[in-house]
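Working notes, structure below.
What you see is a predicted model, and the numbers here were worked out from it, not measured in a lab.
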Amino acid sequence: MSTDPLLRHDDLQEAVPRQRFLLEDTGFDEVPPKYRRFYRKWRGPGDALAANEVICPVCKVVIRSTRELRPGDRVYCMPCMSRLVVVRAEDGGLEARVAY
Amino acid sequence: MERGTRDEAADVHALEPEAFLEEVHSFEFWFQSVQGYLAGLSFGHRPDVHGAPLAPDERERLVTVLCNYCVGETAALEGASGLVAIAPNRLTKVFLATQVADEGRHLEVLLHRLAELGIPAPESEIERRASRSLLHFKRRLRELVESRDWEAAIFAQNVILEAMEFTVFQSHARTADLVTREVLQGIVKDERRHIGFGENELGRRLQASPHIRARIGEVKKELDHWVLESFEETLREIGVPNEERPELGRSYLEVVARLGFA
C-alpha cells in the first residue's frame, strides 16, 4: 500500500466518469521516446489547454494525461523533474502546483 | 482529441514518487533525453545552418553576450563538479554528473560559436569582456561549494544562476541569428532539468529542515543584487526593450516565491 498523500483517485469511485484521451507524440523531444506523448510545448497566447492538460509552473511545458484531470490529481513533469498536484485556479480553470 | 484505451503500465503519472525520482535522476534518462534533441547536431546546431552575416555593431554585442554566457557556464561547470563530492545521496550525485556533462557541452558550443564569429582567442576575449557582477557571483558560488554548504550552493547555482540563464537564453533565442538560436535552444532544453532539480531538491530540504531557511535567505539577499545587475546588463546587450524586462525578471521571482522567499 502506498503512503503517497497525492494518490490518484480511483476512476470507478467517481460520480462523473472521466473522459479518456489517446495521446499522440507531438514532437516533444526532451524526454526519452516512451514518455514523449505525455508532454508538448506551449504554443503561446493562441494556445489552449484541453481537459487533460496543465502547464508546469517550473518549466512551462504542457503536461498531458490519458484522462481528464481533476483537482487533487498528481502529475509529473519529467522535463524538469517536478512532482505536481492539480488544483482549481482562481479563474475556475486547473493549474498545477509543485509538491516538493 | 479522441477517446482511447489507457496503457496503465506506460502512464508516467501512475509512477510511485520514489520510482519517478529514481527514473529522472538516472544517467539512462539523461542519455535518452539529450539524444532526442542533440543527435545530428554539430556544436549545438545543424551542420548545414549558416547565419546571415552580422552588422559590425551586432557582432560586437553578440560577442560580448556570448563571452558572458561562457562565464556563467564555467561557473556552473565548476560548481556542479564540486557539488558531486558533497551531494547527499546517489541520486543527486548521478544527476550532478549529468549536469557536469551538460555544462561542459554548453561551454564548448559557446566557445565554438565565438570562433565562428571570428574570435581567434576566446579565453582572452572572455577575460576582457566579462561582467564584474557575474565574476563576483562566480567567485561567491565557488566559495559556497568549497565551504561544503550543499543547500546554499544549490540555491546559488541551480536556482539563481540557472533561472537567470533559462530566462535570458529563451529571450535571446527569439531574436538571435539562426545559428546562435539553435545553440541556445539546445541549452535551454538542458536548463529545464537543472532548474527543476534545484527547486525540487531545495524545496524538499526546506520542508524537512525549516531552520535552513534563514541561512538561504541571507544568501539570496547577498546574491540578488549581483544577479539582477548581471541580468540587466545582458538584457540590454541583447536588445530586450525596457518594458519587457520586468516580465523576464518575474520568472526568477516566481521561483523564489514558490520556495517561500518572496
Side-chain angles (χ1 to χ4, degrees), chain A residues 1-8 11 17-25 27-39 41 44 49-54 56-61 63-69 73-86 97-100, chain B residues 1-21 23-26 28-39 91 95 163 166 170 186 188-208 251 254-255 257-259:
Chain A
M1 178 73 86
S2 171
T3 55
D4 180 17
L6 300 178
L7 271 177
R8 294 155 62 98
D11 292 5
R18 297 191 189 216
Q19 191 180 356
R20 299 299 181 89
F21 295 82
L22 180 65
L23 303 181
E24 289 174 356
D25 192 328
F28 187 84
D29 61 4
E30 299 180 33
V31 292
K34 65 180 172 182
Y35 301 125
R36 286 183 185 165
R37 64 194 174 107
F38 292 101
Y39 304 97
K41 285 185 179 168
L49 295 172
N52 65 326
E53 297 179 330
V54 281
C56 172
V58 177
C59 74
K60 316 301 182 198
V61 157
I63 301 164
R64 310 166 78 211
S65 172
T66 52
R67 58 184 195 159
E68 174 191 343
L69 290 171
D73 285 347
R74 176 188 67 207
V75 290
Y76 294 117
C77 182
M78 277 198 153
C80 75
M81 310 159 59
S82 296
R83 180 182 175 217
L84 308 152
V85 59
V86 177
R97 297 239 172 104
V98 190
Y100 302 122
Chain B
M1 195 85 59
E2 57 186 296
R3 284 165 186 267
T5 56
R6 181 174 168 199
D7 181 2
E8 189 76 36
D11 187 345
V12 63
H13 307 304
L15 287 171
E16 287 297 323
E18 295 76 16
F20 170 74
L21 292 177
E23 175 79 2
V24 295
H25 286 83
S26 71
E28 183 65 21
F29 176 85
W30 171 84
F31 187 70
Q32 289 194 30
S33 299
V34 298
Q35 226 175 6
Y37 56 88
L38 295 181
L91 293 186
F95 174 80
F166 185 66
Q170 272 186 314
V188 164
K189 291 177 180 185
D190 293 335
E191 305 290 17
R192 274 192 224 286
R193 290 188 297 276
H194 306 169
I195 57 169
F197 172 77
E199 178 171 341
N200 285 285
E201 170 66 13
L202 198 59
R204 284 189 287 270
R205 294 260 151 189
L206 286 165
Q207 267 183 351
S251 302
E254 280 176 1
V255 180
R258 281 197 297 272
L259 288 169

Looking at [X] and [Y], what are the two nearest heavy atoms and their distance?
| X | Y | result |
| --- | --- | --- |
| A:Val58 | B:Ile195 | O-CD1, 3.7 Å |
| A:Arg36 | B:Gln32 | NH2-O, 4.4 Å |
| B:Phe29 | A:Pro32 | CE1-CD, 3.4 Å |
| A:Val31 | B:Ser33 | CA-OG, 3.6 Å |

Okay, side chain of [X], backbone of [Y]: is any donor-acceptor separation there less than 3.5 Å?
| X | Y | value |
| --- | --- | --- |
| B:Arg258 | A:Pro57 | yes |
| B:Arg192 | A:Cys59 | yes |
| A:Tyr76 | B:Leu15 | yes |

Inset, instruction - Can you measure from CG (B:Asp11) to CZ (A:Phe38) and round to the nearest 0.5 angstrom? - result: 4.5 Å
Legend entry - Between NE2 on residue B:His13 and CD1 on residue A:Ile63, distance to nearest 0.5 Å: 6.5 Å
Inset, instruction - Answer with side chain, backbone, both or neither: which region of B:Leu206 has an atom nearer than 4.5 Å to a non-hydrogen atom of chain A? - result: neither
Legend entry - Choice from B:Glu199, B:Glu28, B:His194, B:Glu191 maximising heavy atom contacts with chain A below 4.5 Å: B:Glu199
Legend entry - Most contacts with chain A, counted as non-hydrogen pairs under 4.5 angstrom, among B:Phe31, B:Phe20, B:Phe95: B:Phe20
Inset, instruction - Under 4.5 Å heavy-atom distance to chain B, tell me which part of A:Cys77 shows up: side chain, backbone, both or neither. - result: backbone
Inset, instruction - State which residues pass side-chain contact (heavy atoms from CB on, under 4.5 Å) with B:Val188; sequence neighbours excluded, sorted by chain then number. - result: B:Phe166, B:Phe169, B:Gln170
Legend entry - Contacts of type salt bridge (charged side-chain N to carboxylate O under 4.0 Å, His left out), residue B:Arg193, not counting sequence neighbours: B:Asp102, B:Asp190
